[in-house]
Each structure stands twice: as structure tokens, then as C-alpha cells.
K.L.:
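Have a look at this one before I ask anything.
Side chains are part of it too, since the values below use all heavy atoms of this structure and drop only hydrogens, waters and symmetry mates. Every value quoted in this text rests on a predicted model; they were computed, and no experiment measured them.
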Amino acid sequence: MANSRPDLDQYFLNIAAVVATRATCDRAQIGAVLVKDKYIISTGYNGAPHGLSHCDDIGHLMENDHCVRTTHAEQNAIIQAAVHGSSTKDATLYCTHSPCKICVKIILNAHIKRVVAHSMYRDASVVDLFTQAGVEFVIFPAVAV
């Protein structure tokens, strides 16, 4: 019998896909899982900041064809790690989509050493930012769970 056990990258990406189902902005359901030493330290999905209404409830707040009501999944995962006192230094961030440039800057300042995404989203120039900063960036295509 063949071993159907997923490797760790696929395992954590599958979890990110499930986390994305909690997103509260219907323009894009995005999930992120922050992992350190093979253990999940936090998760995040795109949605309104704590205490504010979600897009799904009151609609989008659009600027330049982008909904600005939501906090991005990557940002929420990093924030949740901070809220709960977990260091992000040398962690790996698993995302359903590649991060935007703002999220890349936050990831770099959080000292995350590796980012693994299911797919590229909008701006491929983020690859150069990760390369310049010495952060490993991997596109790992999704496999159905």
C-alpha cells in the first residue's frame, strides 16, 4: 500500500485552505498558518479588524479596486501570534495565496524565514522582495484534501 501521508508543506497548506473558509470578505477567501518547529503557533484569515463589522455583513469598502475593510490573512496570523506571546522569528508562513507587498514587509519585519503559498496572487514582484531579504519563497500547488 502506497503512503498517502502528506508531507509537512502539503499538510500545513491544507490547513490554510480550511482556515480560509472562515474569511468574512467574499471577494477572496484567504487563509494563513504560522508554523514554528513543526507546530502551528497561529492562524489567520481575511476579515475586518476586531470589533468592526465584516464585509459579509455591511458590504465592501473599496479603494482602487481593493477592499480595505479587511485585515489580510497573513497579517492576522502574525498579529495573533503576538497577542498570544508566540515568537515569529524563524517561523514558516503557509498561505493559500502569495502575499501582497504590504504583507511581505510585515513578514520580513516579523523575521519569518520561509513562506509557502498555494498560488501566486496578483503581484509576482513579491518574489524579488523575498529574494532580496533572503527569505525562502515557495509556490506549492494545492492537492485536494
K.L.:
Determine yes or no for a side-chain-to-main-chain donor-acceptor pair under 3.5 angstrom, with Thr96 supplying the side chain and Gly31 the backbone.
P.N.:
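Flag set: sc Thr96 to bb Gly31 pair under 3.5 Å.
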K.L.:
Quick one: which of Leu108, Val135, Thr92 gives a side-chain contact (heavy atoms from CB on, under 4.5 Å) with Val115?
P.N.:
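So the option named by the test is Val135.
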K.L.:
Please identify each residue that fulfils ring pair (Phe, Tyr, Trp, His ring centres under 6.0 Å) with His97, with sequence neighbours left out.
P.N.:
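With sequence neighbours excluded, His97 shows a ring pair (Phe, Tyr, Trp, His ring centres under 6.0 Å) to Tyr121, given in chain and number order.
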K.L.:
Quick one: list whatever passes ring pair (Phe, Tyr, Trp, His ring centres under 6.0 Å) with Tyr45, sequence neighbours left out.
P.N.:
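Expected list: none.
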K.L.:
Taking it one step at a time, do Val19 and Val33 satisfy side-chain contact (heavy atoms from CB on, under 4.5 Å)?
P.N.:
CA-CA 8 Å; Val19 170; Val33 176; 4.2 Å; yes
K.L.:
Can you hop from Ile41 to Leu93 via hydrophobic side chains spaced under 4.5 Å?
P.N.:
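Linked within one cluster.
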K.L.:
Which distance, rounded to the nearest 0.5 Å, do you find between the SG of Cys55 and the CZ of Arg27?
P.N.:
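Answer rounded to 0.5 Å: 9.0 Å.
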K.L.:
Compare all side-chain heavy atoms of Gln10 with those of Ile15 and state whether any distance is below 4.5 angstrom.
P.N.:
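No; the side chains remain at least 4.5 Å from each other.
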K.L.:
Just by modelled atom types, is the Tyr39 backbone N or O under 3.5 Å from a matching donor or acceptor in the Asp37 side chain?
P.N.:
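No, because the side chain of Asp37 does not come within donor-acceptor range (under 3.5 Å) of the backbone of Tyr39.
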K.L.:
May I ask you to decide if Ala23's main-chain N or O and Asn46's side chain share a donor-acceptor pair within less than 3.5 Å?
P.N.:
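Side chain of Asn46 to backbone of Ala23, a donor-acceptor pair under 3.5 Å: no, none is there.
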K.L.:
Take Leu34 and Thr43, measure what side-chain contact (heavy atoms from CB on, under 4.5 Å) needs, and give me the verdict at the end.
P.N.:
CA-CA 6 Å; Leu34 196 52; Thr43 64; over 6 Å; no
K.L.:
Side chain to side chain contact (heavy atoms under 4.5 Å, CB included) with Asp56: which residues, sequence neighbours excluded?
P.N.:
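Thr24, Asp26.
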K.L.:
For Cys100, what residues pass the side chain to side chain contact (heavy atoms under 4.5 Å, CB included) criterion, not counting sequence neighbours?
P.N.:
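Only His72, Ile102, Cys103 meet the side chain to side chain contact (heavy atoms under 4.5 Å, CB included) criterion with Cys100.
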K.L.:
Can you tell which of Thr88, Ile112, Leu129 makes a side-chain contact (heavy atoms from CB on, under 4.5 Å) with Ile107?
P.N.:
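With Ile107 as partner, side-chain contact (heavy atoms from CB on, under 4.5 Å) holds for just one option, Ile112.
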K.L.:
Suppose the criterion is salt bridge (charged side-chain N to carboxylate O under 4.0 Å, His left out): which pairs have a residue in residues 123-136, not counting sequence neighbours?
P.N.:
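Salt bridge (charged side-chain N to carboxylate O under 4.0 Å, His left out) check on residues 123-136 returns Lys101-Asp123, Arg114-Glu136.
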K.L.:
Partners of Leu61 by side chain to side chain contact (heavy atoms under 4.5 Å, CB included), sequence neighbours excluded?
P.N.:
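If we apply the side chain to side chain contact (heavy atoms under 4.5 Å, CB included) test to Leu61, skipping adjacent residues, the hits are Val68, Arg69.
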K.L.:
So with a 6.0 Å cut-off around NZ of Lys36, is the heavy-atom count from everything else above 12?
P.N.:
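Yes, the 6.0 Å shell around NZ holds more than 12 heavy atoms from other groups.
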K.L.:
Whether the side chain of Ser42 engages the backbone of Ala77 through a donor-acceptor N/O pair (distance < 3.5 Å, no angle test) should be reported.
P.N.:
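Checked: pair present.
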K.L.:
Quick one: SG on Cys95 to CZ on Phe140, what's the gap to the nearest 0.5 Å?
P.N.:
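Output value for this atom pair is 14.5 Å.
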K.L.:
Considering only residues two or more places apart or on different chains, which pairs with a residue in residues 8-32 satisfy ring pair (Phe, Tyr, Trp, His ring centres under 6.0 Å)?
P.N.:
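Sorted result for residues 8-32: Phe12-Tyr94.
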K.L.:
Other hydrophobic cluster members with Leu52, side-chain heavy atoms of Ile/Leu/Val/Met/Phe/Trp/Tyr under 4.5 Å, chained?
P.N.:
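Answer for Leu52: none, a lone residue.
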K.L.:
Among residues two or more places apart or on two chains, list those pairs meeting salt bridge (charged side-chain N to carboxylate O under 4.0 Å, His left out) that have a residue in residues 70-88.
P.N.:
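Every candidate salt bridge (charged side-chain N to carboxylate O under 4.0 Å, His left out) pair involving residues 70-88 fails, so no pair, neighbours aside, qualifies.
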K.L.:
Can you sort out the partners of His50 under side-chain hydrogen bond (donor to acceptor under 3.5 Å, both in side chains), two or more places apart, ordered by chain and number?
P.N.:
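side-chain hydrogen bond (donor to acceptor under 3.5 Å, both in side chains) check on His50 returns nothing, list empty.
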K.L.:
Do Met120 and Val104 sit in one hydrophobic cluster, given that two such residues count as connected whenever their side-chain heavy atoms are within less than 4.5 Å of each other, even indirectly?
P.N.:
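They do share one cluster, since a chain of ILVMFWY contacts under 4.5 Å joins Met120 to Val104.
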K.L.:
Taking only residues two or more places apart in sequence, or in another chain, which ones meet His111 in a side chain to side chain contact (heavy atoms under 4.5 Å, CB included)?
P.N.:
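His111: side chain to side chain contact (heavy atoms under 4.5 Å, CB included) contacts with Lys89.
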K.L.:
What distance separates Gln75 CD from Ile79 CD1, expressed to the nearest 0.5 Å?
P.N.:
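Here the interatomic distance stands at 6.0 Å.
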K.L.:
Apply side-chain contact (heavy atoms from CB on, under 4.5 Å) to residues Ile106 and Ile78 and explain how you reach the verdict.
P.N.:
CA-CA 8 Å; Ile106 293 168; Ile78 293 166; 3.7 Å; yes
